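In what follows, a single structure is set out as structure tokens and then discussed.
Keep in mind that this is a model prediction, so the values were computed, not measured. As a basis for the values below, the full set of heavy atoms in this structure was taken, side chains included, without hydrogen atoms, waters or symmetry mates.
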Amino acid sequence: MDGEGRLPAEFHAVGHQRLCRMVPKGRIGAQVAVNVIPSRQNRGRDMDEPAARFQGARPATLDGRRIAHLEMTCAVLGAGSKGIANPLKLRPCSRTKSQSMEHVMNSPRTSEEGPSQDPDFQTDFELGQDNIRPFGLDIHNPVFLISGLVIIAFVLLSLANQEASAAFFGWLRPLLTSEFDWFLVISVDIMLVFCLALIFLPVGSVRIGGKNAAPDYSYPGWIAMMFAAGMGIGLLFFGVLEPVYFTFSEGGNARPLNIDTSEPGNEYAGIVGTVHHWGLAGWCVYAVVGLTLAIFAYNKGMPMTLRSAFYPILGERVWGWWGHAIDTLAVFATLFGLTTSLGLGAQQVAFGLNVIAGIEPSSTLVVLLIIGITAIALGSVLLGMDKGVKRLSEINMVIAVALLVFVFLVTGAVAAITRYFSVMVDYVILLPALSNPFGREDTSFLHGWTTFYWAWWIAWSPFVGMFIARISKGRTVREFVLCSLIAPTLVCAFWMSTFGGAAIDMLNAGGADGVRATVIDSYKPEGALFGFLKELPLSGIVSPIALVLIVIFFVTSSDSGSLVIDTITAGGKMDAPVSQRVFWCTLEGLVAIALLLGGGLVALQGAAVSTGIPFTIVLLLMCWCVYAALRTEER
């Protein structure tokens, strides 16, 4: 420091940097970490450089940038060196220069605010400290090894014992959804209330990444990636299926709350039940995980893995076996939740090829489709996020919006708008009753659909939550919750109301034979969308476009999922070798094949439920953890 109290040029830094400088030979000293922390009254205030002194009001601005906390690792040239003021806080630094630069490159923190000053969130953990690097990889030991070996063993056992696998999942799925219905419904209710409260609480003004953090993506790009990852194939698979099934199938036993849909004003109750599954209650699960990961990574400087969220509870133990167990469970939940969607998408593509090209669906065709589409996903993986999944997501959104607008116009715009508002009013009115697990008589709807959906959303939550966390830096908590909760609910409701409502109107008028054949007369859920599109004008053009849309959703889901799983199994590193993502992308396809051959749709659903239920406990604890972290943030 010079006589004017200024930092020398070599110490100027941008954002959160850690620079280790070796002590010159012949000098007495040691590596130390210098914490430059502005006083509370000057935090965030611009100051002239000549007045920036360590004593008294410490500098909040260096090189014209606001810095709330600047941690620099430097060499002390000698014990009691002149020019180093006593107020500086010194602590030992054990990192080498290369280790420090590696930390900078891999740390999720890009905020100019620096790490949290709250002592409850201070840790000596170093990103990648438990990683091993065989064959040029960079994997966490033991999360990668345990999860990878267990999943490979599952694939081999399922393929070797397909009949036993089918019987097991056929028994497991209904058992879990009927015995744990109350637990899943109440848990999702708690998460929904928590998310809605964040919109109105003062902590809603906290910005992800710090007070001055700027978003990495524009609103259209951000929402497109979030929506494509969160919805994916589901809208296309269930958009027609669910409303029609709840209205007409099982002799009326599948109706939500046993509402008589034959009475005037109740004809769209099936759509209301569908919106319940794809609306606020579902998206709040993603919001909890996404917000928690984002705050602990970008605001607290911790690795972007599920274990980081539990630091307020476990402290340093979170980097040990407790944390290993949490991350491994997250890998299982993510992979099995994701492969459920991939399996559904492959079945739907096979049915679409039959409608468009006359290719007969078969197990062999589905397996070949999974292999082929997974290969396309691998190409997206190799291109990276900005050139791969981001571009595909934006293309997907354009096609999806075009398809929605087409159906909206050809089936009657006025009728669609009227139906939409009617459905949304009924949804708000019926939401409390639909969220109550006790005293329900609509067991087919509750056990067969709602509890499965909540377990499925929860199983998907590490995947979607981590993905949207990575792309949400710079957004406030309030902005994050509104855009990840309210906006998707409104869009999903409009989609379901437009597609499902038009199909219901056609069936009530005596039409839509393709929908009737695949949903009511026989249950072939993968054919509902194409049966509906066959009733529309230009179906010969629209059906192939829908098929392409399904494939791209498949690719973006697989690519995003492999990115998230790789981050977890790389100890939170975001720039792990691409070969690791290739491994997980390939394994996702293999698991989808094993489940489809070992029980089909029931096996896919059973795998998602079996991992989603235990992971529910993790999510409930995360609500408390993220609120504890938000309370320590500047607003």
Would you mind reporting whether [Y] and [X] have side-chain heavy atoms less than 4.5 Å apart?
| X | Y | value |
| --- | --- | --- |
| Leu235 | Met496 | yes |
| Leu236 | Trp495 | yes |
| Val289 | Val464 | no |
| Asn141 | Asp130 | no |
| Cys483 | Trp222 | yes |
| Phe499 | Leu403 | yes |
| Trp319 | His324 | no |
| Pro361 | Gln347 | no |

Could you check, using the six-membered ring where one of them is a Trp, whether [X] and [Y] have ring centers closer than 6.0 angstrom?
| X | Y | answer |
| --- | --- | --- |
| His277 | Phe452 | no |
| Trp322 | Phe310 | no |
| Phe467 | Tyr286 | no |
| Phe237 | Phe351 | no |

Closest approach of [X] to [Y] (non-hydrogen atoms, all atoms of both residues):
| X | Y | result |
| --- | --- | --- |
| Ile458 | Ser461 | O-OG, 2.5 Å |
| Pro488 | Trp283 | CB-CE2, 3.3 Å |
| Ala350 | Val366 | CB-CG2, 4.0 Å |
| Ala592 | Thr339 | N-CG2, 3.9 Å |
| Phe296 | Ala629 | CZ-CB, 3.7 Å |
| Thr586 | Val582 | OG1-O, 2.8 Å |

Once side chain to side chain contact (heavy atoms under 4.5 Å, CB included) is applied, do any residues pair with Thr328, and if so which ones, sequence neighbours excluded?
Val143, Ile146, Ser147, Phe332
Residue list, side chain to side chain donor-acceptor pair (under 3.5 Å) with Ser558, at least two apart or on another chain:
Glu588
Side chain of [X], backbone of [Y]: donor and acceptor closer than 3.5 Å?
| X | Y | result |
| --- | --- | --- |
| Trp456 | Val609 | no |
| Ser522 | Thr518 | no |
| Thr305 | Gly572 | no |

Rounded distance [0.5 Å steps], [atom1] in [X] versus [atom2] in [Y]:
| X | Y | atom1 | atom2 | value |
| --- | --- | --- | --- | --- |
| Ile371 | Ile376 | CD1 | CD1 | 12.5 Å |
| Gln580 | Ile565 | CD | CD1 | 12.5 Å |
| Leu184 | Thr450 | CG | OG1 | 10.5 Å |
| Ile568 | Leu329 | CD1 | CG | 10.0 Å |
| Ile208 | Phe480 | CD1 | CZ | 5.5 Å |
| Trp454 | Thr177 | CH2 | OG1 | 14.0 Å |

Those residues at least two apart in sequence (or on a different chain) that pass salt bridge (charged side-chain N to carboxylate O under 4.0 Å, His left out) with Arg307 are Asp327
Residues which pass salt bridge (charged side-chain N to carboxylate O under 4.0 Å, His left out) with Asp181, listed by chain and number, not counting sequence neighbours:
none
Side chains of Glu242 and Trp449: any donor to acceptor distance under 3.5 Å?
no
Check the pair Leu597 / Val367 against side chain to side chain contact (heavy atoms under 4.5 Å, CB included), numbers first and verdict last.
CA-CA 9 Å; Leu597 296 179; Val367 170; 4.1 Å; yes
Apply side chain to side chain contact (heavy atoms under 4.5 Å, CB included) to residues Thr334 and Val331 and explain how you reach the verdict.
CA-CA 5 Å; Thr334 301; Val331 172; 5.9 Å; no
List the steps, then state whether side chain to side chain contact (heavy atoms under 4.5 Å, CB included) holds for Val275 with Cys492.
CA-CA 7 Å; Val275 173; Cys492 289; over 6 Å; no
Side-chain donor-acceptor pairs of residues 151-164 under 3.5 Å, sequence neighbours excluded:
{"residue": "Ser158", "atom": "OG", "partner": "Phe154", "partner atom": "O", "Å": "2.8"}
{"residue": "Asn161", "atom": "ND2", "partner": "Leu157", "partner atom": "O", "Å": "3.1"}
{"residue": "Gln162", "atom": "NE2", "partner": "Leu159", "partner atom": "O", "Å": "3.4"}

When the ring planes of Phe144 and Trp584 are compared, do they come out parallel, tilted or perpendicular, using 30° and 60° as the limits?
perpendicular
Report the C-alpha distance between Leu338 and Trp460 in whole Å, list the side-chain angles of each, state the deciding distance to 0.1 Å, and finish with yes or no for side chain to side chain contact (heavy atoms under 4.5 Å, CB included).
CA-CA 6 Å; Leu338 180 62; Trp460 258 59; 4.0 Å; yes
Can you confirm whether Phe438 is buried at CZ, in the sense that more than 12 heavy atoms of other residues, nucleotides or ligands lie under 6.0 Å from that atom?
yes
Please identify which of these residues, His140, Arg470, Arg581, Lys573, meets the side-chain contact (heavy atoms from CB on, under 4.5 Å) condition with Thr567.
Arg470
Distance-only donor-acceptor hits, side chain of residues 610-628, under 3.5 Å, sequence neighbours excluded:
{"residue": "Ser610", "atom": "OG", "partner": "Gly606", "partner atom": "O", "Å": "3.1"}
{"residue": "Ser610", "atom": "OG", "partner": "Ala607", "partner atom": "O", "Å": "2.9"}
{"residue": "Thr611", "atom": "OG1", "partner": "Ala607", "partner atom": "O", "Å": "3.2"}
{"residue": "Thr611", "atom": "OG1", "partner": "Ala608", "partner atom": "O", "Å": "3.1"}
{"residue": "Thr616", "atom": "OG1", "partner": "Gly612", "partner atom": "O", "Å": "2.9"}
{"residue": "Thr616", "atom": "OG1", "partner": "Ile613", "partner atom": "O", "Å": "3.1"}

